[in-house]
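Right, one structure below, let's go through it.
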Amino acid sequence: MPLALVDCNNFYVSCERVFNPKLEGRAVVVLSNNDGCVIARSSEAKSFGVKMAAPWFKLEIFSKQQGIIALSSNYALYGDMSARVMSTLSTFSPKQEIYSIDECFLDLDGFAPQSLASYGQTIRQTVKRNIGIPVCVGIGDTKTLAKLANHCAKKGFAGADGVCDFGLLSIDERQTIFANIPVGDVWGVGRRITQQLLSMNIQTVEDLRTANPDIIRKQFSIVLGRTVQELNGIPCIDLEETESPRQQIMVSRSFGSSVTSFTDLSESVAHYATLAAEKLRRDKSVACSICVIIQTNSHQEHEPQYQGSLIVPLPQPSDSTMKLVEAALKGLKTIYRSGFRYKKSGVLLMGLQPKSTIQPTLFDDPIEQDISTSLMQVMDAINQKMGAGKLSIAASGICKPWAMRREGKSPNYTTDWKELPEVA
DNA sequence: ATGCTCCTGCGAA
DNA sequence: CTAACGTTCGCAGGAGCAT
């Protein structure tokens, strides 16, 4: 019955600190792509009042005055560190669900109930010792309760020292805690639903737990009804050990600066289609259609706004960079309007299916198919060996004036020998 | 009624 | 120095259409 949710503390900041101990004890934030918003904060940065998702350009002056350190995001580093953490955590249970880059569920069914909290401490110490990343552990009878327990562990509720096991609490203790947590802190309750719940005078976790499930289902959704059940210890959301194949692949970015020419825009689209195709082949899937998306900057309200998108069906399901880029650019020609300052473009691969299931149609040219597959394999192998983007197609352009800003990125310590700093 | 596809809203990290 | 506000994914549910 019991489940643990293990969540890394300030994960991106913690990753940076492993390789740069001078960041320890300092206020540190990690910024999103384009150095746009804050996406991770050390506890010191939080106490300065820096909010999640805050636009960096509004904070920059204040932050420099206060000595807050800002780093661009380094996903190669975080992805690699995540794999190490997950591997260590997998040794603590036969059943693990990796839920996101920095958290996983562990099935603790059959473990001695009284010793779960100390088991949680062992998990924390082991991950800290082996990988250098601090984590918190929440334990409860459902995923929603485990998430909530983790929240309590992080906040230090009920004397929690990085671990919180709801199984140790009496009914009264649990009710007291739930009555002091705002309903918006529950997994699955976001901003909109919080507002609606408040208008019904459901303010705390305890209010939601004791709400009438039928009314919740009717007024909101099946999903929120399940949340209420889970808060009451009735499991509705299963542990998923094997991840199911993705249904879509999205690659989109905001530009470092606005783009007006069709050429620049088409180069960005070709580039993103290339990245999407690489993901697709890694998944061993094929796509049936590709959607192209272009947008102006919606934050610049006085500027003319335009958002265009178009789904382009592929003649046959494909994983070929050439075919996908060709289709994407065809779509772009249709939706492009001159006279706008574009801020973002992207592609979305849709109708994904395993490559193994598709069968050649009457119109396929099997020889061309084979050549295309071999070419893609060679390109992927070269880019794997020499570094991403070393070999690309001409349509992606060379100088990339739209490339994103990343002024404070740390080295790829764990995935690229060339980026390791010299030892003094 | 039933079952699709397409599209939007919402939440999460 | 400029200008400057993220990305990717799944699910639910309604609209529109065909059967």
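Lettering follows sequence order; numbering is per chain, from 1. Worth knowing before you read on, the calculation uses all heavy atoms, side chains too, and leaves out hydrogens, waters and symmetry mates.
The phosphate of C/dT8 has OP1 or OP2 within less than 4.0 Å of a side-chain N or O from A/Ser252. Between A/Gln300 and the phosphate of C/dA3, there is no side-chain N or O to OP1/OP2 separation shorter than 4.0 Å. Look at A/Lys343 and you won't find any side-chain N or O under 4.0 angstrom from OP1 or OP2 of C/dA4. Applying the 4.0 Å criterion to OP1 and OP2 of C/dA3, one finds that A/Lys58 has every side-chain N and O outside that range. Contact check, A/Arg191 against B/dA12: no side-chain N or O comes under 4.0 Å of OP1 or OP2. The side chain of A/Ser254 contributes an N or O atom lying less than 4.0 Å from OP1 or OP2 of C/dT7. Residue A/Asn297 has a polar side-chain atom (N or O) positioned under 4.0 Å from OP1 or OP2 of C/dC5. At C/dA12, one or more side-chain N or O atoms of A/Arg226 fall inside 4.0 Å of OP1 or OP2 (strictly under the cut-off).
Between A/Leu116 atom CG and A/Phe111 atom CZ the span is 8.0 Å, to the nearest 0.5 Å.
Rounded to whole Å, the separation between the P atoms of B/dA13 and C/dC5 comes to 25 Å.
In this structure, the ring of A/Phe166 has its center less than 6.0 angstrom from the ring center of A/Phe178. Outside the 6.0 Å centre-distance limit, the rings of A/Phe262 and A/Tyr342 are not counted as a close aromatic pair.
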